[in-house]
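For reference, the structure discussed in these notes is given below.
Atom set for the values below is all heavy atoms of this structure, side chains included, hydrogens, waters and symmetry mates excluded. Letters A, B, ... mirror the listed sequences (proteins, then strands); counts begin at 1.
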Amino acid sequence: MSILINKNTKLIVQGITGRDGSFHTGKMNEYGTQVVAGISPGKEGTNVNGIPVYNTVAKAVKETGANTSIVFVPAQFAADAVAEASEAGIELVICISEGIPTLDIIKIIPILEKNGTKMIGPNCPGLISPGKSMVGILPVNIFKEGHVGLISRSGTLTYEMVDQLTAKGIGQSTCIGIGGDPIIGLHYKELLTMFENDDETKAIVLCGEIGGDAEEQAAAFIKENITKPVVAFIAGQSAPPGKRMGHAGALIISGSGTAAEKIKAFEAAGVKVAKEPSEMPVLIAEALKQ
Amino acid sequence: MSILINKNTKLIVQGITGRDGSFHTGKMNEYGTQVVAGISPGKEGTNVNGIPVYNTVAKAVKETGANTSIVFVPAQFAADAVAEASEAGIELVICISEGIPTLDIIKIIPILEKNGTKMIGPNCPGLISPGKSMVGILPVNIFKEGHVGLISRSGTLTYEMVDQLTAKGIGQSTCIGIGGDPIIGLHYKELLTMFENDDETKAIVLCGEIGGDAEEQAAAFIKENITKPVVAFIAGQSAPPGKRMGHAGALIISGSGTAAEKIKAFEAAGVKVAKEPSEMPVLIAEALKQ
Amino acid sequence: MNIHEYSAKELFAKFKIPIQNEIVCSTPEEVAAAADKIGLPVVVKAQVLTGGRGKAGGVKFTKTKNEAIEAANNILGMKIKNLIVKKVLVCEAAAIAKEYYVGMVNDRNTKSVLLMLSAEGGVEIEEVAKTYPEKIIKISVNPQTGLLPFQAREALFNIMTDGNEVRQAADILVKLYSLYVHSDCSLAEINPLVVDKSGKVIALDAKINFDDNALYRHKAFEELADYTEDEKLEIDAKEKGLAYVKLDGEIGCMVNGAGLAMTTMDVINLYGGTPANFLDIGGSSNPQKVIHAMEFLLNDKNVKGVMINIFGGITRCDDVARGLIEAFSKMNVNVPVVIRLSGTNAAEGRELLKGNDKLMPAETMSEAAQKIIAAIK
Amino acid sequence: MNIHEYSAKELFAKFKIPIQNEIVCSTPEEVAAAADKIGLPVVVKAQVLTGGRGKAGGVKFTKTKNEAIEAANNILGMKIKNLIVKKVLVCEAAAIAKEYYVGMVNDRNTKSVLLMLSAEGGVEIEEVAKTYPEKIIKISVNPQTGLLPFQAREALFNIMTDGNEVRQAADILVKLYSLYVHSDCSLAEINPLVVDKSGKVIALDAKINFDDNALYRHKAFEELADYTEDEKLEIDAKEKGLAYVKLDGEIGCMVNGAGLAMTTMDVINLYGGTPANFLDIGGSSNPQKVIHAMEFLLNDKNVKGVMINIFGGITRCDDVARGLIEAFSKMNVNVPVVIRLSGTNAAEGRELLKGNDKLMPAETMSEAAQKIIAAIK
C-alpha cells in the first residue's frame, strides 16, 4: 500500500507545455509515474515527449481515464485549473503553483467539496510513494521505499528530513508536502487518518511550522485517533511575530501561531518533537523499534 | 387531499408587520390557515393579532415547527427572505412580492435546490386548497371545494376563471397562481404531476399567457404524462411583439412566445383551449362528464 | 431598458472588453473630425434601438472623409423601423478574419444566465436559432460560481480551434458575465465577436438590455435611456402605479390585473373590436388612479370608447364602483364607457352604477366587449 | 499589505459604508483648518500601521481649535511601536451610545472568509479572543452565495437587539464583505462599529490588510502602501526573486526553501547564535541570485558572518557549488562564510568548494551553525 498515489495513478499535467510543466513531466515519467495526458488549451492533437495534449481536462479524462492531476499553471490561472480538474471528475489534484490569491482558493473549495475532489497544496512540492509513483517536483533519488509516512508544510525541509531518514536506512511509505499557504486542501488530520489506515506505514513524521493552529489541532487529533507513533518537528522557533517567513502561511499574528505553543501541544499529546532535523532519524528509529 | 397546502400547513409570514403582510395575515387566519408565526427583524417578542413575531425564520421554525412561508417583503429584500426561509428548513415558500430583479432570483435558485425547497412565485397571488388552507392574497369567497385543479400565470384572470367555475357549481381542489415573472419556482410540469397524483383532482385548468415556451413544454409534457383532462387558456392573443404586457414575463421576443404557437401546441397535444374565459366552465364540465 | 451600441461599448470598455477605436457623433461635422482622429477607412453606424440596421442602409464603410460625411448625411435623420437615427458611431474599420456570435440571457427554462455561442456571427441570431438551432451552443452558468474561465474555454472550443483566440475570447466572456451580473442585464450580446487579421479578438458590436426591476440599483444607467414617445408614456404610467402599453386600436381598456387585461384585449378582438391599449390599474379602488388611467386613455386620439373590466377580489366591487363614480364625476368624458364588474359584491356594485348615464354596465366580459363595439359604430 | 485607517475609510466610503466626517492631515495647520471645516469638538488620531494607538497617546479628543493644534503637535512625529506618525486623521467627535466589534478574515480552519462579531467593541479584540473566546461570534461565509443579508442579521442578533440597528449593521456587513472580496483583503475590521445617540450605525475605525498574492489585480492599491525601511527591503528582495526578512541577529543566512530557512535560523539559535535574517533564495543555482542575496546580507551592518545552507533537490549540489563559486569570485566578502551542501550530489559539491579560502564547507546543518558561531566569536 501507500496513500493517495500508487502504481495505478493515472496522471494528467495541467500546464504541460510550460517550462516547469514539461521538465517535471519528464522527471515523473522517468520515475515510472503513469502520465497519461497533458492539458494546454489550443494544443490538442500535439504531444509532449509522447504524452498526448488536450484542450480541456474533461476531454483528457474522457479519453484516458485519468484520476489524478498536477497543476503547473501560473498563479493567476491556477485556481481555475483546479476547478476544471474537479468538475471533470479528477479525484486528486496536486497544485504546485505558488502565489495564488487566497480568495481564489476559498472560492473553489465548495466546488472541490461538491465533487469530492481531494486537493494537495497549493504552493507544495507534491507527493511520492517511493518505488510506485511520484506526483510533484520532488528529487526522487533521496527517497527510499519503507514504512515512514511523512507530512510536511515545506519543501526543502522535507527533503532534509527524508535525506536524513534514508541515510539511516529508514524508508518511506508516502511523503507529502501539503503546502505553505494559509488555506490548503488535505491537511494533517485527513492525512494522519490515511496513514493510520495504511498497512505499509508504521510511523509518521509531521513537519509543521509557525502560523495558524493546525499543529495544535493535529496534536489533539493524534491523541484521540492515531495509534501509530508520530514524531513532529516545528520550523520557525526563532521567528519573530508579525513577520511572514517566506510561506504565505508562516506568520505569527498577535502572539498566536508560535512554535512554542505547537511544541507544547505535541508534547502534551505524547508526540515527541525533534529539536533539529538531525534528531528526527534517531526518534523515528526508536519509534519503529517499539 | 389537495396539493402543496392543506389543514396541516403551518405558515409563517415574512414581513408580517407591513401593510400587506398584516392585512393578508388576517385574511388567511380567518380562512382557517394555521398562521403560526410572523417575521420582522427587531420585533421579536411582540405579536400581530396574537401571532408571535420572531427576528429570524430560523428561530420561528425552531419554536413553531412551521413548514411553509409566505413572503410579503419589498422587492429589493424579497430574494433574501426566500433564501432565509429555505436555509431555515421551510419546505414551501410562496413569494408574493412583485418587481424582484431577475438575477436576485437566479442567485437563490441553487440554494432552494440544495435544500429541496419548493417556491411558488415570485409575483404571484399564492394558492388555495378550498376549505383547507389559503396561502396568498386570494379572494377566498369565490372558491369552492371540488375537483378541478387550476394553474395560472396571472391573478385576476385566475379569479375570473374560478368565479365562472364556481358559478356553474364546479369546485376546485387546489388553485395556484404561479406568478408572472420570467423566472419562477414551481412551474406547469411539477404542478401537473402533483395534480395527476392527487386523488381529489379530476380535471385541470391551465391558464397560460404569452412569453417564453413553458406552455409548449407543458403541452408536450401533458401528452406524455398526464391522463386527467386538461383545459387550457392563453391570454395575450392580441398582444403585439416586443411589448411587455404588465407581467415581466409576458413578452413576445422576435416572434417567439406568441399565443398562437401555444394554442397550436396544446391542440396538437389533444388539450382543449378555451377561446374566452366564459367557455372554460363549459369545457371543464364536458371533461368532468367523460 | 435597452441602450445604444455606443453606450454598451462604453460599458464594455469599463469592464476591459476589447472594442475598436470609435467615437459617437451627432452631426456630419463631428463625423468628419472623428474620421480624422480615428484614421480612414472608418465605418459609420446608425445608433438605433432595433436590429436590421445593415439591411436598412444604416451601416456604411467609408474610405474617404467625403464618403464619411456623405454617409453621416444619409444616416443621421433616417428612419429605421420607425425610429429616427439621431446619432452615429464612427468606428475604425476592422480587418475581419472570423466572425462569431456570443450572448448571454436570463433563461426561463434553466433558471440561470444562459451563455450562447455560435460560429455563425454577424447574422441575425434569431434566424440562426430558428433555422439551425444546433448551431447555437448553450451553456447554463451556475450563479454560485459565475462563469469560470475553464468553462468559457470548454464552450468556446465548440466553435473555435486556435488556443490564442480561445484564451482571448474566454477572457471576454468572463468579463461579459461580470458586466452582466454587476449591471443587472437581461441580455448582452456581441454580434459579431471578431478575430482580426492580427489574431486579436474584439467586440465589433454590442447589445445590452437591463432588467427594469433592477434599475433602482443603477441610477447612472438612467441617462443612457433613449425612450420613444410610446415608451415615455409607459414610464409615466408606471410612476402613477399603472402598467400601460399603447396599441393601435380604438377601444381603450382599463382592467385590474395583467392577465385579465390581456384577456380583455383578446375578447375585444374576438368580437371584432380593436384594443387601443393594455392597461392594468392594479388592485386598488383609489379614484385618483382611475382618473390617471382615464387620462391615458383619453389622451389617445384613436380611442373611440372605453371598456372597464374589473374583477373584485380582496377589493370589493361596490367600493370599486364608488371609486369609479367619484372619478367620473370629476372628469369630462366624451366617449362611451362600458363597465363590467365581477367577483366580490359585483351585484351591489352594478346597482350603484345604475342610472349613471356616463357608465354603461355589463354583466360579463363578452357582453361588455360587444356593448362597447356596438357603441362606437 | 496593510493600509492606514484613512485609506481604509476611503475604501469604506467607496463601498458606501457609513463613516464620519473626517480629513487626513500632515501638519498642525491642516489640522486647524480641518477642525474648522468639520466643526468642534474633533478627535485627532495618529495614522500608524500598528495597534495600541490609544494607549500610546496617539488619539486625542479636542474641544477647541488650540487643543486640536496641540494634539497635532504632540502626535505628529511621535513614535508608536517604533513607527513615526506622519499623518493624523481629524474626525467629527461621535456621540457614542454603543460599541461593537466586527471583522472578517481568511480563515485556515473553515477555509472560508470568517465573519467575527463581538459586543465587546473598542477594545483589543485579540485580548477578548484569548480571555473570553465565547464573546466572539464566528460565522463562516459560503463563498458561493457571499454574505446574505439574512445571515448578517442572524449573526448580529447575537450581539444586538434593536431591529433598526441590526438592519443598518447588516447592511454594513454585506457591504464590507463585498469590499473584502472585491479588494482581495485578508483582513477587514471595524473596531469599534458604533451606534451613535441618534441611532445611526457608523464605522468609527477601519483596518484592512490586502492579500499580497492578489495585489497584481489591484494596481491602484500600490499607492496606499506605507512601508517601513525593513518592509522596503523585503519588497526589493521579492522583486529579485528572494524572500527576505530582516531580523536583529548577527549571522546572515542564505537558504533554499522557506521551511529550511526557518529551520536554519532555529538551528543557529539552538547553538547559541543569533540569525540576522530569514532568506529563501528559492530553487535555482543562478549565480546572480546568490550575488543579490549576499548583497542583502552584507548591507546589514549587524551581520558578522554568513551561513549558507543548501539542500540540492532537483537542482544538483555541484551546480549550486559552481554558482556559489562564480558569485563569490565577483564579490568582496569580508566576513566568514560557512557553506553546507546536502542532498543530490552533495559530495561532489563539497569537493568543488575545497580549497576555496572564502567558503568554509560543512557537512551538516548543525556543524555549519556551530562553525559560523565559532568563526564570528
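For the residue pair C:Y6 and C:E22, no side-chain donor N or O sits within less than 3.5 Å of a side-chain acceptor on the partner. Checking C:S140 against C:S112 by side-chain atom types alone, a donor-acceptor pair falls below 3.5 Å. Side-chain atoms of A:T56 and C:E154 form no donor-acceptor pair, as typed in the model, at a separation below 3.5 Å.
The cationic group of C:K9 does not satisfy the cation-pi geometry with C:F12, failing either the under 6.0 Å distance to the six-membered ring centre or the 45° limit from the ring axis.
For a residue to count as touching a neighbouring chain, one of its non-hydrogen atoms must lie under 4.5 Å from one of that chain's; by this rule A:I111 touches chain C with the side chain only. At a 4.5 Å heavy-atom cutoff, the contact between C:T145 and chain A is made by side-chain atoms alone. Only the side chain of A:E87 has a heavy atom closer than 4.5 Å to any heavy atom of chain C.
When each of C:R167, C:E165, C:Q144 is checked for heavy-atom pairs under 4.5 Å with chain A, C:R167 comes out on top. Counting heavy-atom pairs closer than 4.5 Å to chain C, the top residue among A:A81, A:A79, A:G42 is A:G42.
Contact of the A:E190 side chain with the A:K118 side chain is not registered, since no non-hydrogen atoms from C-beta on lie closer than 4.5 Å.
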